[in-house]
Each structure stands twice: as structure tokens, then as C-alpha cells.
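Working notes, beginning with the structure itself.
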Amino acid sequence: MDLDATGLDRTPLCEWHIGHGARMVDFAGWWMPVQYASIVAEHQATRTAAGLFDVSHMGRLRFDGPGAGEFLERMLTRSVRDLKPGRVRYSLVTDDAGGILDDVLIYRLSDAAGETYYVMVVNASNRTKIVDWLARFSEGPRRAAEASAVQLTDVTHDWAMIAVQGPRALALAQPLVEADLSRLKYYQACETLIAGRGGIASRTGYTGEDGCELIVGAGVALAIWERLVASGGAAAGLAARDTLRLEAAMPLYGHELSETINPFQAGLAFAVDLEGRTFPGRDALVEAKKDPRLPRRIGLEVEGKRPARQGSGILHLGRKVGEVTSGTVSPTLGRPIAMGYVEPQAAVLGQHLTVDIRGQTLDARVVDLPFYRRSAS
């Protein structure tokens, strides 16, 4: 092992990872596999066949009650009033200044009795922060009365979550799932039997590939994972998940997203509904949307073979105009890529910039995002 795991949370699959030679690390307070034998092999397996990711460390919050929808409507940047059962929506939680507290997925689901409820999937590092933030809005007599119509339950430790990603993902998962996965469109979900037990299947992921995510009881997760591996799924760690999401230009909290960055800077205007709504940070975001001076997220292709890591300076004509937030050598493209924030005048497509990598200056060019798009077939 790489360090003392005492006191860290463990997913239901943790012992399997250790037993199969994964290099384990502390990730947001969880003892997680960063890689098995090869990051590139795990990455390529996901791009060409099917990769399996233990994402049970992601926070899962369940909202029940007649007021759940209205509560979430008042807490999220994106409206959920028109979210029909079986749909999933990407949204943000912002603070009063419009900074991003987290990016989340909101599921609206129906149970066997026809009752609807919501599930919010949050980043592991932000789970406690988001629970505390939501609790803040149920304080006081009036808010307490409103909150009585909403029951929030943190089910993170009760449920496990497995991402099956890649061109063979649906075929791999289908024998375990009663619902027809091919009939689920992107960002749809349903309650269904998974290996004969109740669970949730969604057509979602964080790799830029097709696939699904399976939410199951913690007690049955290992059996399901082992069946997926036996059917040809390649176990993959956090490192491959990061290179995959970076090629797909998906922002990562703590890198492209933070409380000092607003959604418009991050290129997430689609996830903000301002008209006719009230939510924390709404008024600040109205003003931020009109501000042309704020740094903007860009994609960079970097010359040479060295990756530009987080914190590397981005320069234009010798003057620092921004910083890299994520960078790697793309296993799919075979060249260094990066995302970062720069002053607006440097964010023009095709703009030639330089990146300072530990004192070595390399040429770079602003390119369209994402870096990688999967084939429509």
C-alpha cells in the first residue's frame, strides 16, 4: 500500500481492488484505486471495449416528499420543474456570490408504487459541504415548515455505484439489467432489477463514451462487479477516468470548477436558468454574465511530449495571461493536451500561446473543445 489507510472510507469494492493489485490512494477521504497495471491500457480498454469504474465514493443524496421538487428548484442553477420521471439533468450548486460549490446530476425517478423522488449525485470531496449548504436553507421557522415537506437522506454508504463505459458497455451490462438499456436515451434513468435485486440504471458517464452507471445496494455490489469483470470488463482506476474525462473536456471540481469560478467562465451557461427563478447566487450571476473581463476556460494543444500540469503558467508574448487547470498526454490523440483559464483576449480559437512547464517554455495553441468526440456509430 502507498500510505496508511486508517480512518479512510472504503467502498464495498475496496478489498477487491486491493486483492487485484490496484495502487490505492487517499481520494477525498476514500481509499480508492488510482490504477491497476497501466493507465494507458485502462484508458484504451474504455475507448475500444468496456471499462469498469468503482464510483461508489461519489455522494448520493435522496430527496423524498411533496416539496422535494420545489426545494431543488430553489437550490439549483438549472430548473427541475419540467424534469419528468426517468430523466437526469446536469446542474450546479452556487453560493451567494455565484461561485460553484459543486456540479451535480439530478435524477427524477419513480418507484414501484408510482411515487416520485429525486437523487442528487455530488462529488465525493463536496458531499459534506453540500449537505451542510442544503441544511442551511431549512433553518428558521418559515424555512423549517417548508423543509418538513422534504426528506433528505444521505444514502452514500448504503448504495454502491459502478460506471460501465465504452462501445461495448451496454452489451456487457445488459445481461444483468432487467430494463432494456438500449431504450434509455442519454441522460435517462430508471428503477430496475440488477442481478435480480432492486437498483437504478442510468445512461450517464464521465468518459466521453457511451455507457451506463448502475446504482445498487452495497451488499450486492461485489457480485455484480465480479460478473462484469468475468464478462470482459476491464477494471480501471481514477487515473484513467481522469485522462478520459480530460479528452472529453469535462470539467473537474478542484481544477476547472471552484468557488472562485462562475458557470459562465467555465463554459457552462447551458446549466444556468436565470429567467423567472430565484436560487443562491442568481443575482450575482446576472451581473457576471455581462462581465467581459473575467478569465475563460480554454483547451490547449501543447507542442512536444511534456504534459502541462495544473498550475503551469500560460503566456502570451511573454506575459502571463492564465494558468493550466488540467493537463496530460492524451492516450487517444498521442499528444499533450490541457485545459486552463486565460484572459478573454487570449481565449480566441487558433491563438498561439506558450506554456511554462517548470521553467521550460513550450508552444501551445487554443483549440476547440472537446479534444475527443466518440464516433456517432
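Heads up: numbering here begins at 1 and tracks the sequence. Treat the numbers as computed from the prediction; the structure is a model and nothing was measured.
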No-hydrogen, no-angle side-chain donor-acceptor test under 3.5 Å, Arg365 and Gln351: no
List the steps and the verdict of side-chain contact (heavy atoms from CB on, under 4.5 Å) for Leu61 and Ile130. CA-CA 10 Å; Leu61 311 177; Ile130 294 301; 4.2 Å; yes
Separation between CZ of Arg319 and OG1 of Thr354, rounded to the nearest 0.5 Å: 11.5 Å
Charged N to carboxylate O under 4.0 angstrom, Arg296 versus Glu343? no
Taking it one step at a time, do Phe27 and His57 satisfy ring pair (Phe, Tyr, Trp, His ring centres under 6.0 Å)? CA-CA 9 Å; Phe27 183 81; His57 62 304; 5.5 Å; yes
Passes side-chain hydrogen bond (donor to acceptor under 3.5 Å, both in side chains), Asn123 versus Ser125? Steps please. CA-CA 6 Å; Asn123 282 291; Ser125 59; 5.7 Å; no
Distance col, row Met250:CE vs Glu247:CD, nearest 0.5 angstrom, shows 11.5 Å
Where the side chain of Thr156 meets the backbone of Arg60, is there a donor-acceptor pair that is under 3.5 Å apart? yes
Let's go through His157 and Trp30 carefully: what are the C-alpha distance in whole Å and the side-chain angles of both, what is the deciding distance for ring pair (Phe, Tyr, Trp, His ring centres under 6.0 Å) to 0.1 Å, and is it a yes or a no? CA-CA 12 Å; His157 289 92; Trp30 292 79; 5.3 Å; yes
For the pair Glu178 (side chain) and Thr192 (backbone), establish whether a donor and an acceptor sit closer than 3.5 Å, ignoring hydrogens and angles. no
Is there a donor-acceptor pair under 3.5 Å between the side chain of Glu42 and the backbone N or O of Ala240? no
Quick check: does any side chain N or O of Gln265 sit under 3.5 Å from a backbone N or O of Asn262, one acting as donor and the other as acceptor? yes
Anything under 3.5 Å between a donor and an acceptor, one on a side chain of residues 220-230, the other on a protein residue two or more places apart or in another chain? List them.
none

How about Ser330 and Thr243: do any of their side-chain heavy atoms sit closer than 4.5 Å? no
If you apply the rule side-chain hydrogen bond (donor to acceptor under 3.5 Å, both in side chains), what do you find for His352 with Asp363, and how did you get there? CA-CA 7 Å; His352 288 276; Asp363 290 335; over 6 Å; no
Short question: side chain of Arg277, backbone of Asp273 - any donor-acceptor pair under 3.5 Å? yes
Are Leu268 and Phe371 linked, directly or through other ILVMFWY residues, by side chains that come within less than 4.5 angstrom of each other? no
For residues Gln310 and Thr325, is any side-chain donor paired with an opposing acceptor at under 3.5 Å? no
Counting N and O atoms only, with roles assigned by atom type, does the side chain of Arg78 sit under 3.5 Å from a partner on the main chain of Tyr90, one being a donor and the other an acceptor? yes
List the steps and the verdict of side-chain contact (heavy atoms from CB on, under 4.5 Å) for Thr278 and Arg74. CA-CA 6 Å; Thr278 299; Arg74 293 189 291 106; over 6 Å; no
Would a 4.5 Å heavy-atom cut-off, applied to side chains only, mark Trp133 and Met75 as touching? yes
State whether the side chain of Thr153 and the backbone N or O of Val155 hold a donor-acceptor pair below 3.5 Å, judged by distance alone. no
Side chain to side chain donor-acceptor pair (under 3.5 Å) partner of Glu209, the single match among Arg374, Arg47, Gln165: Arg47
Any Leu300 side-chain heavy atom under 4.5 Å of Val366 side chain: yes
So does Met161 get a backbone contact from the side chain of Ser56, meaning a donor-acceptor N/O pair under 3.5 Å? yes
List the atom of Ala346, the atom of Leu353, and the distance in Å for their closest heavy-atom pair. O-CD1, 3.9 Å
Heavy-atom side-chain contact between Asp9 and Trp31 under 4.5 Å: no
If only side-chain N and O atoms count, and only distance matters, is there a donor-acceptor pair under 3.5 Å linking Glu73 with Ser79? yes
Quick one: does Arg335's side chain get under 4.5 Å of Val302's, heavy atoms only? no
Drop me the distance from Arg127's CZ to Asp132's CG, to the nearest 0.5 angstrom. 10.5 Å
Checking Tyr253 against Glu259 for the side-chain contact (heavy atoms from CB on, under 4.5 Å) test, could you report, in this order, the C-alpha distance in whole Å, the side-chain angles of both residues, the deciding distance, and whether it holds? CA-CA 10 Å; Tyr253 201 89; Glu259 295 174 28; 3.5 Å; yes
Taking C-beta and beyond as the side chain, do Tyr206 and Arg245 meet within less than 4.5 Å on heavy atoms? yes
Taking atom NZ of Lys129 as the centre, does the number of heavy atoms from other residues, nucleotides or ligands within less than 6.0 Å exceed 12? yes
4.5 Å side-chain heavy-atom contact, Ile162 and Phe53: no
Heavy-atom donor-acceptor pair, Arg293 side chain to Pro344 backbone, under 3.5 Å: no
For Arg62 and Tyr117, run side-chain contact (heavy atoms from CB on, under 4.5 Å): C-alpha distance rounded to whole Å, both residues' side-chain angles, the deciding distance at 0.1 Å, then the answer. CA-CA 7 Å; Arg62 175 168 172 157; Tyr117 62 97; 3.6 Å; yes
Just wondering, do Arg309 and Thr328 contact through their side chains at under 4.5 Å, heavy atoms? yes
Specify the closest pair of heavy atoms between Ala189 and Val88, including all atoms of both residues, with the distance to one decimal. CB-CG2, 3.7 Å
Taking the side chain from Arg203 and the backbone from Leu184, do they hold a donor-acceptor pair closer than 3.5 Å? yes
Does the distance from a Lys or Arg side-chain N to an Asp or Glu carboxylate O, for Glu256 and Arg297, drop under 4.0 Å? no
